[in-house]
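Before any comments, here is the structure.
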Amino acid sequence: MEMEKLVSLCKRRGFLYQSSEIYGGLNGFWDYGPLGVELKRNIKEAWWRDMVTSHDELVVPSGAPCAYEMVGLDCTIIMHPQVWKCSGHYDVFHDFMVDCRQSKRRYRHDQVQGRWVSCQGRRIFVATEADGEEALQDTQHKALKFFNLRAKDADRLAWESDLLCLTEVKDFSAVLGPDAKELGTLTEPREYNLMFKTYVGALSGEEGAAFLRPETAQGIFVNFKNVLDSTRVAVPFGIAQIGKSFRNEITPRYFTFRSREFEQMEIEFFCHPSQSRAWYEYWRNRRYQWYLSLGLAGERLRLRDHTPEELSHYSCGTADIEYAFPFLPPGKFGELEGIAHRGDFDLRSHMEGKLVRQDGGYVVELGPDGKPRHPGSGKDLTYFDDQTRERYIPHVIEPSAGADRAALAFLCEAYQEDQVPDEHGNPRDRVFLRLHPRLAPIKAAVFPLVRKDGMPEAAQRIYRSLKPHFNVFYDEKGAVGRRYARQDEVGTPYCITVDGQTALDGTVTFRDRDTLRQWRVRADDCLGELRRLVGVS
RNA sequence: GCGGGUGUAGCUCAAUGGUAGAGCAAUAGCCUUCCAAGCUAAAGACGAGGGUUCGAUUCCCUUCACCCGCUCCA
């Protein structure tokens, strides 16, 4: 499938538009049109219903260590700036970068170091990305090459300093970049703010600086104690949230896949440390099954465990649910959802302060003054189990899904081309979306076969009987084949047609989008039939 | 942020330094008894800004967006 065709269909039929299009658009932002908003709502509602409201806390779900509870939360997009300092986002998302004009590579300003050296009457700073002994060797090697010397002439290089961070160097004109052959190819350090900054209060001073959240998860962690104190949940339990998040992606690309404003569906599941591995396995499989059940059933969907090198600083186990989007190179997959075992990292961070890894564990990162670099709340976020009389910090399993990425994957998977016979029996090309009925924006369309003999009136009665329960669509214009084709193109799974026989025996035809099969149903049983086909509503 | 490519109607494509055409789609009506048929009518575009020119959609510059490759991706 060519992505252009799907993008074109999305725009033509009102699924997705470029944001601010009449002003030329805005990179990394997309709007959902009348049909797109229904699709995305259906995805979010299926998630919320399946994960939260229809969850039965009285039974042990298949594959789960025991029964558990689920509750929801909806917190603000702007939170106290300290939230992001303790979570680690502030440090990781706030970098100065330098670019090399010659090698086209980009480096973190604070991760490049080097040494001053003089030779042949010139003084240059030789930079490297390496560390320690390796950095000394690398800089020597590059200096020899730069001055056109052999290894045996190394003593002609007069090194002036030990390794210095590039941040100590003010003038880049004498800097030899890590991958450059000439001096002065590095740009001035530029600030990359991966979090959107804003100002709370009418006066936009730095004291009011805040950030739009880059993930919804932290709002759950900072409300952990509130939920414990105000509901009767007990560990193990999960808190779910759906909401917008914002990241200043350096390269927004691939349609809505990498957007700067996007919507997440996240669960933070709190459990006893001794059971956390089993819960991780449960959620990993449960979430994978969820996508399968909604139609991402092909080999384009996969569940992939992260390799140890890939694991984030906080994680002791992560699996990605990935989809082979058509815009990616063959064999490449894009992330739909990550299920991470986060241990007690987050709750501890919000108690004690920002943590860093040390000797296989975590310690509070200290600033130059010996105090926590980013102090935590100081609040007690431990959990007391009054059955076992045990107090502990729960471990967290985080299934974090992208609603927009899910919508895009469902659209890609649904896009189909085939041929159907026209009125003369000749094959005619057809484009249709094979969306799961739960996700389809329109559940059924109701047509009179022709606009006479009382058929429109009969069809309208059926339409009105269905409308309170399902998003249905009425159309009486033009040839019926054209109306079918239009519904196929937006993924409507069923069409209901009133024809000449309706007046005789009170039946109408149901037509299936994927098979074109038709069968007769009593007009007064259309709601029942649709409920059987789509699910209760 | 770098390099390459592309911007004309909803879509696909024309033409032109001097009034921008078509097919399909969409809209209204007629006709139509099951898969985009037919007839009629009306509607609809040079991504944005600047420059050169008597005149720019066309030539030049800038910018914005999209696509491809780098780079980045907690």
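Quick caveat, the model's predicted, so the values are computed rather than measured. Naming: A, B, ... by sequence-line order, numbering from 1 per chain.
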ask   = Roughly, in whole Å, what's the span from CG in A:Leu504 to C1' in B:U33?
value = 12 Å
message = Just the rounded figure in Å: distance from P of B:C68 to CZ of A:Phe325.
response = 14 Å
request  = Give a yes or no on whether a donor-acceptor pair under 3.5 Å exists between the nucleobase atoms of B:C73, that is its base, and the side chain of A:Arg258.
outcome  = yes
message = Roughly how many Å apart are B:G49 and B:U6, using the P atom of each and rounding to a whole number?
response = 22 Å
message = Using Watson-Crick or G-U wobble geometry with both distances under 3.5 Å, which nucleotide pairs with B:C54?
response = B:G18
inquiry  = Let's test your reading of the model: under 3.5 Å, does the base of B:C64 pair with the side chain of A:Tyr23 as donor and acceptor?
reply    = no
message = Both conditions, 6.0 Å and 45 degrees, for the charged tip of A:Arg520 above the ring of A:Phe510: are they met here?
response = no
message = Rounding to an integer number of angstrom, what distance separates B:U8 and B:G3 when you compare their C1' atoms?
response = 27 Å
message = Using a heavy-atom cut-off of 4.0 Å across all strands, would you classify A:Asp453 as base, sugar-phosphate, or nothing?
response = base
query = Taking a pair as Watson-Crick or G-U wobble with both distances under 3.5 Å, which nucleotide is matched to B:U27?
reply = B:A41
note = Of the listed B:C72, B:G29, B:A36, the closest approach to the A:Arg451 side chain comes from B:G29
message = Can you see whether A:Phe432 has A:Arg430 sitting over its ring - NZ or CZ less than 6.0 Å from the centre and within 45° of the normal?
response = yes
query = For the pair made of CG in A:Leu26 and C1' in B:A48, what is the distance, rounded to whole Å?
reply = 14 Å
task = Would you mind telling me which of B:U71, B:C68, B:C35 lies closest to the side-chain atoms of A:Arg253?
result = B:C68
inquiry  = For nucleotides 6-12 of chain B, give me one character per nucleotide, 5' to 3': B if any protein heavy atom sits under 4.0 Å from the base, S if the only such contacts are to the sugar-phosphate, - if neither.
reply    = -------
Distance, rounded to the nearest Å, where A:Asp429 contributes CG and B:C24 contributes C1' = 14 Å
request  = Using the six-membered ring of A:Phe257, assess whether NZ or CZ of A:Arg405 lies under 6.0 Å from its centre and within 45 degrees of the ring axis.
outcome  = yes
Per A:Gln518 side chain, nearest of listed nucleotides B:C35, B:C72, B:A37 = B:C35
Gap in Å between the two P atoms, one belonging to B:A36 and one to B:A26, rounded = 12 Å
query = Taking the inter-plane angle between the rings of A:Phe269 and A:Trp279 on a 0 to 90° scale, is it parallel (under 30°), tilted (30 to 60°) or perpendicular (over 60°)?
reply = tilted
query = Whom does B:A48 pair with, Watson-Crick or G-U wobble, provided both distances fall under 3.5 Å?
reply = B:U62
query = With rounding to whole Å, what would you report as the distance between B:U40 and B:C24 at their P atoms?
reply = 12 Å
message = Need to verify one output field. Residue with the more 5' nearest nucleotide on RNA chain B, A:Phe327 or A:Gln18?
response = A:Gln18
inquiry  = It should be established whether A:Arg486 places a side-chain nitrogen or oxygen under 4.0 Å from OP1 or OP2 of nucleotide B:A26.
reply    = yes
task = Measure from NZ or CZ of A:Lys443 to the centre of the six-membered ring of A:Phe470 and say whether it is under 6.0 Å with the direction within 45° of the ring axis.
result = no
ask   = Between B:U32, B:A36, B:C35, which nucleotide gets closest to the side-chain atoms of A:Val450?
value = B:U32
Pair A:Trp84 and A:Phe211, ring centroids less than 6.0 Å apart = no
message = What is the separation between atom CZ on A:Phe447 and atom P on B:A36, rounded to the nearest whole Å?
response = 12 Å
request  = Quickly work out the A:Leu328 CG to B:C67 P distance and round it to whole Å.
outcome  = 12 Å
key: Whole-Å C1' distance, B:C59 and B:U52   = 8 Å
query = Mind checking the P distance from B:U57 to B:A48? Whole angstroms is fine.
reply = 9 Å
query = Given B:U33, B:C70, B:A37, which nucleotide is nearest the side-chain atoms of A:Leu449?
reply = B:U33
ask   = Is any side-chain N or O of A:Asn27 closer than 4.0 Å to OP1 or OP2 of B:C64?
value = no
query = Rounded to the nearest 0.5 Å, how far apart are CG of A:Leu381 and CZ of A:Arg348?
reply = 12.0 Å
ask   = When rounded to the nearest Å, what value does the distance between C1' atoms of B:G51 and B:U19 take?
value = 25 Å
ask   = Is the A:Phe447 to A:Tyr474 ring centre distance short of 6.0 Å?
value = no
key: Separation of B:A26 P from A:Gln487 CD (nearest whole Å)   = 12 Å
message = Of the options B:A36, B:G1, B:G69, whose atoms approach the side-chain atoms of A:Tyr254 most closely?
response = B:G69
B:A45 and B:A22, which share atom name P, separated by this distance in whole Å = 14 Å
request  = Determine the interplanar angle of the A:Phe224 and A:Phe270 rings, folded into 0 to 90°, and report it as parallel if under 30°, tilted if 30 to 60°, perpendicular if over 60°.
outcome  = tilted
ask   = According to a strict under-4.0 Å criterion, is A:Arg482 in side-chain N/O contact with OP1 or OP2 of B:A25?
value = yes
query = B:A48 P sits how many Å from A:Glu21 CD, rounded?
reply = 12 Å
inquiry  = Please classify the nucleic acid contact of A:Tyr17 as base, sugar-phosphate, or nothing, using heavy-atom distances under 4.0 Å.
reply    = nothing
inquiry  = Taking donor-acceptor contacts at under 3.5 Å, does the side chain of A:Arg483 reach the base of B:C35?
reply    = no
request  = Could you let me know what B:C2 is paired to, Watson-Crick or G-U wobble, both distances under 3.5 Å, or none if it's on its own?
outcome  = B:G69
inquiry  = Regarding A:His341 and A:Glu398, do their side chains bring together a donor and an acceptor under 3.5 Å, going by distance alone?
reply    = no
key: Candidate nucleotides B:A36, B:C34, B:G29, ranked by approach to the side chain of A:Lys477 - the nearest   = B:G29
task = Between A:Ile22 and A:Arg260, name the one whose nearest nucleotide on RNA chain B is closer to the 5' end.
result = A:Ile22
